[in-house]
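From a predicted model like this one, the values you see are computed outputs, not experimental measurements. Atom set for the values below is all heavy atoms of this structure, side chains included, hydrogens, waters and symmetry mates excluded.
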Amino acid sequence: MNGIFLLLIGFPGSGKLTIAKQLSPLLSAKIIDNHWVNNPVLGVLDHDLTTPLPKEIWEQTGRVRQAVLDTIVAFSTPSVNFIFTHAGIQDDERSHRTFHQIADAAEQRRSLLVPVRLLCEVEELARRVAIAERRKRLKSVDAEASRERSRTLQVLNPEHVNKLNLNVTSLSAEESADAVHRHVQHLLSLLSG
């Protein structure tokens, strides 16, 4: 096995990047945040961060993500760990394609893939999404859209043996990171045992 590909999946506001920042030193991992992939494309648009973007925009961000993954596979040291974030939706083809891009890269590197679904109650997500700091990072800030998303959609639920479902509604970022870290350590102990 060559390193870990930890994938944090959750709706906007679930704390993917915040938890990734807590986990990074615990796993000696580099963070590949979905906004670091999306923002080179989104940053050139005039957008109010509340209205939906044209569907074709996401094809462009998929190309950026693939270039990042190709670079990891071709040039990064095999033992390096990575934490990816993904705002995946269960019945969305693009979300599944993103998951498979990351899973394929993990397989090419022979890395341990660990998908973690970050689940959060509707009103807590809406509260978190409305935080002004998110706008500076080109993140969604529409609380009502967050409520609607939570009521009508499900967080991407990949069928994977290493998956962890974690309800983060009342957990701090540190507590969430600790739970994920314990899960990863358990998987590593099973592999080495």
TODO: Flag yes if Val41 and Ile32 sit in one hydrophobic cluster, no otherwise; membership is Ile, Leu, Val, Met, Phe, Trp, Tyr, and two members link when side-chain heavy atoms are under 4.5 Å apart.
DONE: yes
Task: Check against side-chain contact (heavy atoms from CB on, under 4.5 Å), Ile31 and Trp36 - done: CA-CA 9 Å; Ile31 299 170; Trp36 298 348; 3.7 Å; yes
Open item on the list: So does Leu27 get a backbone contact from the side chain of Asn81, meaning a donor-acceptor N/O pair under 3.5 Å?
Closed with: yes
Open item on the list: Could you check whether any side-chain heavy atom of Phe11 comes within less than 4.5 Å of a side-chain heavy atom of Ile89, counting everything from C-beta outward?
Closed with: yes
Open item on the list: Do Leu191 and Leu112 have side chains that approach each other closer than 4.5 Å (heavy atoms only, starting at C-beta)?
Closed with: yes
Open item on the list: Looking at Ile4, is its backbone amide N or carbonyl O close enough to the side chain of Ser111 to form a donor-acceptor pair, meaning the two atoms are under 3.5 Å apart?
Closed with: no
- [ ] Indicate yes or no for a side-chain donor-acceptor contact from Ser24 to the backbone of Ala29 under 3.5 Å, with no hydrogens or angles considered.
- [x] yes
Task: Qualifying ring-ring contact (aromatic ring centres under 6.0 Å, His included) pairs with a residue from residues 91-118, counting only residues at least two apart or across chains - done: none
Task: Aromatic ring pairing Phe5/Phe84, orientation class (parallel under 30°, perpendicular over 60°, tilted between) - done: tilted
- [ ] State, to 0.1 Å, how close Ser14 and Arg128 come at their nearest heavy-atom pair, and which atoms those are.
- [x] O-NH1, 3.3 Å
Task: Pairwise side-chain contact, His35 with Leu17, heavy-atom cut-off 4.5 Å (strictly under) - done: no
TODO: Quick one: which residue pairs count as a ring-ring contact (aromatic ring centres under 6.0 Å, His included) with a foot in residues 144-193, not counting sequence neighbours?
DONE: none
Task: Check: Ser95 main-chain N/O paired with His86 side-chain donor or acceptor under 3.5 Å - done: yes
Task: Leu171 vs Leu166, side-chain contact (heavy atoms from CB on, under 4.5 Å): CA-CA, chis, key distance, verdict - done: CA-CA 10 Å; Leu171 296 179; Leu166 182 63; 4.0 Å; yes
Open item on the list: Would the distance check show the side chain of Thr77 and the main-chain N or O of Val80 forming a donor-acceptor pair, the cut-off being under 3.5 Å?
Closed with: no
TODO: Tell me whether Val73 is reachable from Phe82 by hopping between hydrophobic residues (I, L, V, M, F, W, Y) whose side-chain heavy atoms are closer than 4.5 Å.
DONE: no
Task: side-chain hydrogen bond (donor to acceptor under 3.5 Å, both in side chains) partner of Asp33, the single match among Thr85, Asn39, Asn38 - done: Thr85
Donor-acceptor pairs under 3.5 Å, side chain of residues 148-157 to any protein atom, not counting sequence neighbours: which ones?
residue, atom, partner, partner atom, Å
Ser150, OG, Ser146, O, 3.1
Thr152, OG1, Glu148, O, 2.7
Asn157, OD1, Lys163, NZ, 2.5

Task: side-chain contact (heavy atoms from CB on, under 4.5 Å) assessment of Ser79 paired with Asn2 - done: CA-CA 5 Å; Ser79 61; Asn2 292 324; over 6 Å; no
TODO: If a pair satisfies salt bridge (charged side-chain N to carboxylate O under 4.0 Å, His left out) and one of its residues is in residues 102-123, list it, with sequence neighbours excluded.
DONE: Glu123-Arg147
TODO: Please name all residues satisfying side chain to side chain donor-acceptor pair (under 3.5 Å) with Arg182, sequence neighbours left out, ordered by chain then number.
DONE: Asp178
Open item on the list: Main chain of Gly62, side chain of Gln101: is a donor-acceptor contact present, judged purely on distance under 3.5 Å?
Closed with: yes
Open item on the list: Between Asn162 and Pro115, is there a side-chain heavy-atom distance shorter than 4.5 Å?
Closed with: yes
- [ ] Taking all non-hydrogen atoms of both residues into account, name the closest pair between Val168 and Cys120 and its distance.
- [x] CG2-CB, 4.1 Å
Open item on the list: Counting C-beta onward and ignoring hydrogens, is there a side-chain heavy-atom pair between Thr71 and Ser76 closer than 4.5 Å?
Closed with: no
Task: NZ on Lys16 to OG on Ser176, rounded to 0.5 Å - done: 12.5 Å
Open item on the list: Suppose the criterion is salt bridge (charged side-chain N to carboxylate O under 4.0 Å, His left out): which pairs have a residue in residues 94-103, not counting sequence neighbours?
Closed with: Glu59-Arg97, Glu93-Arg97
- [ ] State plainly whether one hydrophobic cluster holds both Val161 and Ile102, where clusters connect Ile, Leu, Val, Met, Phe, Trp and Tyr through side-chain heavy atoms under 4.5 angstrom apart.
- [x] no
- [ ] Find the distance between CG (Asn34) and CD1 (Ile9) and round it off to the nearest 0.5 Å.
- [x] 11.0 Å
- [ ] Please step through side-chain contact (heavy atoms from CB on, under 4.5 Å) for the pair Leu23 and Leu6, ending with a clear verdict.
- [x] CA-CA 10 Å; Leu23 278 165; Leu6 179 65; 3.6 Å; yes
Task: Closest approach of Ala179 to Leu164 (non-hydrogen atoms, all atoms of both residues) - done: O-CD2, 4.3 Å
Open item on the list: So if I apply the side chain to side chain contact (heavy atoms under 4.5 Å, CB included) rule between Ile19 and each of Ile83, Leu8, Val116, which one comes out positive?
Closed with: Leu8
